[in-house]
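Following: one structure in structure tokens, then a few remarks.
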Amino acid sequence: MDQKGYRRGSFQSSTSDEDMLEIAGASLDFPMADDDPPLDREMGGFSSYNGGEMNGTSKMMDFLEEPLPGVGTYEDFNTIDWVREKSRDRDRHREITSRSKESTWALIHSVSDAFSGWLLMLFIGLLAGSLAGLIDISAHWMTDLKEGVCLAGFWFNHEHCCWKSNTTFTDRDKCPEWKSWSQLIIGHGEGAFAYILNYLMYVIWALLFSLLAVLLVKGFAPYACGSGIPEIKTILSGFIIRGYLGKWTLIIKTITLVLAVSSGLSLGKEGPLVHVACCCGNTLCHLFTKYRKNEAKRREVLSAAAAAGVSVAFGAPIGGVLFSLEEVSYYFPLKTLWRSFFAALVAAFTLRSINPFGNSRLVLFYVEFHMPWHLLELVPFVLLGIFGGLWGAFFIRSNIAWCRRRKTTKLGKYPVLEVFVVTAITAILAFPNEYTRMSTSELISELFNDCGILDSSKLCEYVNDFNSTKGDDLPDRAAGPGVYTAMWQLALALVMKVFITIFTFGMKVPSGLFIPSMAVGAIAGRLLGVAMEQLAFYHHDWVIFSGWCSQGADCITPGLYAMVGAAACLGGVTRMTVSLVVIMFELTGGLEYIVPLMAAAMTSKWMADAIGREGIYDAHIRLNGYPFLEAKEEFSHKTLAMDVMRPRRNDPPLTVITQDSMTVEDVETIINETTYSGYPVVVSRESQRLVGFVLRRDLIISIENARKKQDGIVSTSIIYFTDHSPPLPPSFPSMLKLRSILDLSPFTVTDQTPMEIVVDIFRKLGLRQCLVTHNGKLLGIITKKDVLKHIAQLANQDPDSILFN
């Protein structure tokens, strides 16, 4: 791993996420020892750190007064210190406030600093909304390209191509301007040969799109694969993955997301849109010093960007804010709530201005139902919730087992071949069935649809008796042959979607899970809805129907069942509740259906939690070994800090630095011989009384700069962390004062502190490490990874899995 930020003579503050792009292996294989990356093993310049000699700078440098470039920043795959970052931001804010009283220019600077957060949210909303519109339009066009091309202009999709046509409403999809591939190549679209030719072109285009997507991901941005939400949750908890939210990832993910969706694979664009929005947020953070130089402030921006991502994915601004709060954010103050709301609003407004679907809606499957639901319908709604929970638990276990197999076998070494095979199987199985051939968003739109008089879909081929029609509402009618054909086609589509999604999610292409999960639920819901509708039509005199469903009335809305089923399956997979119901409510625009949605969402969560506690994103976090401390789970074991701290009983003593008696050479030796990310500073080895804590990175940078810029600093120079230098003979070389890099208020607990409290401290304060004392003397240290390993051990899991796998 080429750690650019650590090379001798090039200690820059690696705030750009592009700095580490070349190490972004798609499977994240990083062997780790101790609590943080073994920098001395993996750093180019410090595997044999010898400090170098003086370079003859003539002036003395006071390291207390002048902060060094790179000091206070973090290396890749480290956890940020939330407490230190928030403290630094408060100090910066206090300084700006005090200066604002001195001059007009300082006052203007103070106002611009306060306004910069809102300006950044505006930029994020505009960029996220624009990219979402571009992705929607491109994916719609390329999806239709698999079936044919528009002669009036190849850039028109099927629907836009037929807008200006003079065809009747029922033949609106058969306009002369749109030609299928068989019509273009052999001149007609009827017959077996034309069908085979269209079939072949469909499969070829699907393979071309998916192969192009996986090759771009593999060649330019390995982090652009997957949905991105597990990694964003980890990053928002304070972990640093350089390059994951960089400019290259943004560009490649935007392009490959269009290709992956257009290929017809069983995946969605909604999850990856959250990743795209967070990439926008991270990239735009570099325009503002306040966010560029503070990792905690940047994470507040990323929380708001995640809300904007869901806002444009579903056309649900409020649902996006709640999704960020419920599902992805680790630290979500009230200020971030307001800014998330503003970013989601701007993003939704931008997408609405672009109008990608030409229907003045933000999503393809916007629907409005007019008939109220009856209390007795809660029974089938709850059944859909049970189905959603069972499907969610089954999917998570199967997908994690397949992804683990991919990581541990040779399968993971051939991502291009895997994508090729899965795309080929999907395309071959999808084409014969019109409900799998169409894009998943169009399928959901059709399943949500409430049949009207002019609907020509098979799902609406009922036996019509218009004598009993009242206004725009059609009564429940007997199903015609088209409905029965659609039912068995949907049943086949359900089986295909259930199994093919297991193998698709986690491949090396951008892949979201929201839309496939909703499709599974919507199909199941529509099947149940039609069954209930026919039951009510033929048996309206049954006790369960007699009170509210008379003959000739419009009692059952199958589209509503599809919507409830979609919410149930999405809830079973992700374990979302509040945000899920609000997103679905914003999709349908009807307050009346909140109770059915709530019933289905809660039932699916309870059912899925009874089988397995983790949602799909938490399961992938654990599979990848990310150091994520889940805030939702309770720690109920009776262990103490002394049971978890290091060193253990038979381990060598804790590595410490004394406050005023160690030489530069002594400290360099400790840096070379250990892999820890920081060291406690004590009064002396005998007393072990704690003074503070110093980070390894800050030590390396400070010593290196001192050798270059301060006269008289040699290997025998004393390093001291006190206010005043220790008394030494005049013949001794110059001493090096490093008090400015010392954390004088590290978090400490006693050895008898219950681990329940320690875990709470780590969760709520976002600590990297906590020192353990006994009667004021330093005993050991507990890091975030120690806590995670301890929790894994108590849960009978492999503690060494809390590393990168």
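With hydrogens and angles disregarded, a donor-acceptor distance shorter than 3.5 Å links the side chain of Glu326 to the backbone of Ser579. Checking side-chain atoms of Lys407 against main-chain N and O of Gly412 turns up no donor-acceptor pair under 3.5 Å. Although no hydrogens or angles enter the test, the distance criterion places no donor-acceptor pair under 3.5 Å between the side chain of Ser445 and the main chain of Ser441. The closest donor-acceptor contact from the side chain of Asn157 to the backbone of Asp144 lies at 3.5 Å or more, if one exists at all. In this structure, the side chain of Tyr199 does not engage the main chain of Pro432 through any donor-acceptor pair within 3.5 Å. The backbone N or O of Tyr617 sits nowhere less than 3.5 Å from a side-chain atom of Lys233 that would complete a donor-acceptor pair. Here the side chain of Asp136 pairs no donor or acceptor atom with the backbone of Pro356 at under 3.5 angstrom. Distance alone, capped at 3.5 Å, places no donor-acceptor pair between the Ser604 side chain and the Gly388 backbone. Between the side chain of Arg437 and the main chain of Glu147, no donor-acceptor pair closer than 3.5 Å is present. No donor-acceptor pair closer than 3.5 Å links the side chain of Ser311 to the backbone N or O of Ala307.
Taking all atoms of both residues into account, the shortest heavy-atom contact from Gly512 to Pro272 is CA-CD, 3.5 Å. Nearest heavy-atom pair, Lys218 versus Pro415, reported as atom, atom and distance to 0.1 Å: CD-CG, 4.4 Å. Between Leu580 and Ala567, the shortest heavy-atom contact is CD2-O, 3.1 Å. The shortest non-hydrogen separation linking Leu267 to Ser511 is CD2-CB, 3.8 Å. Taking both residues in full, the closest heavy atoms of Ile252 and Thr256 are given as O-OG1, 2.6 Å, listed atom of the first, atom of the second, then distance. Between Cys569 and Ser517, the shortest heavy-atom distance links the atoms CB-O, 3.3 Å.
In this structure, the separation between CE on Met507 and OG1 on Thr423 is 5.5 Å, given to the nearest 0.5 Å. For the atom pair Thr409 OG1 and Arg404 CZ, the distance stands at 12.0 Å (nearest 0.5 Å). One finds the CG atom of Leu490 at 5.5 Å from the CG atom of Leu447 (value rounded to the nearest 0.5 Å). The distance from atom CG of Leu211 to atom CG of Leu208, rounded to the nearest 0.5 Å, is 7.5 Å. Atom CH2 of Trp178 and atom CD of Gln183 lie 10.5 Å apart (nearest 0.5 Å). Separating the CD1 atom in Ile616 from the CZ atom in Arg397 is a distance of 12.5 Å, to the nearest 0.5 Å.
Counting heavy atoms from C-beta outward, Thr143 and Glu442 have side chains that stay 4.5 Å or more apart. The closest side-chain heavy-atom distance from Val261 to Phe209 is not below 4.5 Å. Side-chain contact between Tyr244 and Ile235 is present, with at least one heavy-atom pair separated by less than 4.5 Å. Considering only heavy atoms from C-beta on, Ile232 comes within 4.5 Å of His275 through its side chain. Considering only heavy atoms from C-beta on, His620 stays 4.5 Å or farther from Thr234 through its side chain. Contact annotation: the side chain of Tyr435 never approaches that of Ile523 to less than 4.5 Å [non-hydrogen atoms, C-beta and beyond]. For the pair Thr254/Val258, no side-chain contact is recorded, criterion being any heavy-atom separation below 4.5 Å from C-beta on. Within the 4.5 Å cutoff, the side chain of Leu429 has no heavy atoms near those of the Thr436 side chain.
Salt-bridge annotation for Arg526 and Glu446: absent, with no side-chain N of the basic residue lying under 4.0 Å from a carboxylate O of the acidic one. Remark: Arg575 does not engage Asp618 in a salt bridge, criterion side-chain N to carboxylate O under 4.0 Å.
A donor-acceptor contact under 3.5 angstrom links the side chains of Asn78 and Arg768, judged on distance only. Judged purely by distance below 3.5 Å, without hydrogens or angles, the side chains of Ser180 and Ser182 pair a donor atom with an acceptor atom. Under 3.5 Å, the side chains of Asn282 and Lys247 contain no donor-acceptor pair of N or O atoms. With no hydrogens or angles considered, no side-chain donor-acceptor pair links Ser210 and Ser263 at under 3.5 Å. For the residue pair Ser324/Ser329, the side-chain donor-acceptor check at 3.5 Å is satisfied. A donor-acceptor pair shorter than 3.5 Å can be found between the side chains of Tyr626 and Glu231.
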request  = Go through Val509 and Thr504 one step at a time and tell me if the side-chain contact (heavy atoms from CB on, under 4.5 Å) criterion holds.
outcome  = CA-CA 9 Å; Val509 291; Thr504 306; 5.9 Å; no
task = Evaluate the criterion side-chain contact (heavy atoms from CB on, under 4.5 Å) for residue pair Glu295 and Ile240; output intermediate values, then yes/no.
result = CA-CA 9 Å; Glu295 293 288 350; Ile240 291 177; 4.3 Å; yes
request  = List the steps and the verdict of side-chain contact (heavy atoms from CB on, under 4.5 Å) for Ile500 and Ile425.
outcome  = CA-CA 9 Å; Ile500 205 75; Ile425 293 171; 4.1 Å; yes
request  = Assess whether side-chain contact (heavy atoms from CB on, under 4.5 Å) is satisfied between Trp248 and Lys253, documenting all intermediate values.
outcome  = CA-CA 8 Å; Trp248 265 113; Lys253 185 121 189 176; over 6 Å; no
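A side-chain contact (heavy atoms from CB on, under 4.5 Å) with Phe395 is found for one member of Val498, Val520, Leu513 and no other, namely Leu513.
Checked against a 6.0 Å centroid threshold, the rings of Trp402 and Phe503 count as neighbours. Here the two rings, on Phe314 and Phe323, have centers that are 6.0 Å apart or farther.
Under a cut-off of 6.0 angstrom, the local environment of CZ in Phe420 is sparse, with at most 12 non-hydrogen atoms contributed by other residues, nucleotides or ligands.
Note on ring orientation: taking the six-membered ring where Trp is involved, the planes of Phe239 and Phe77 are tilted (angle from 30° to 60°).
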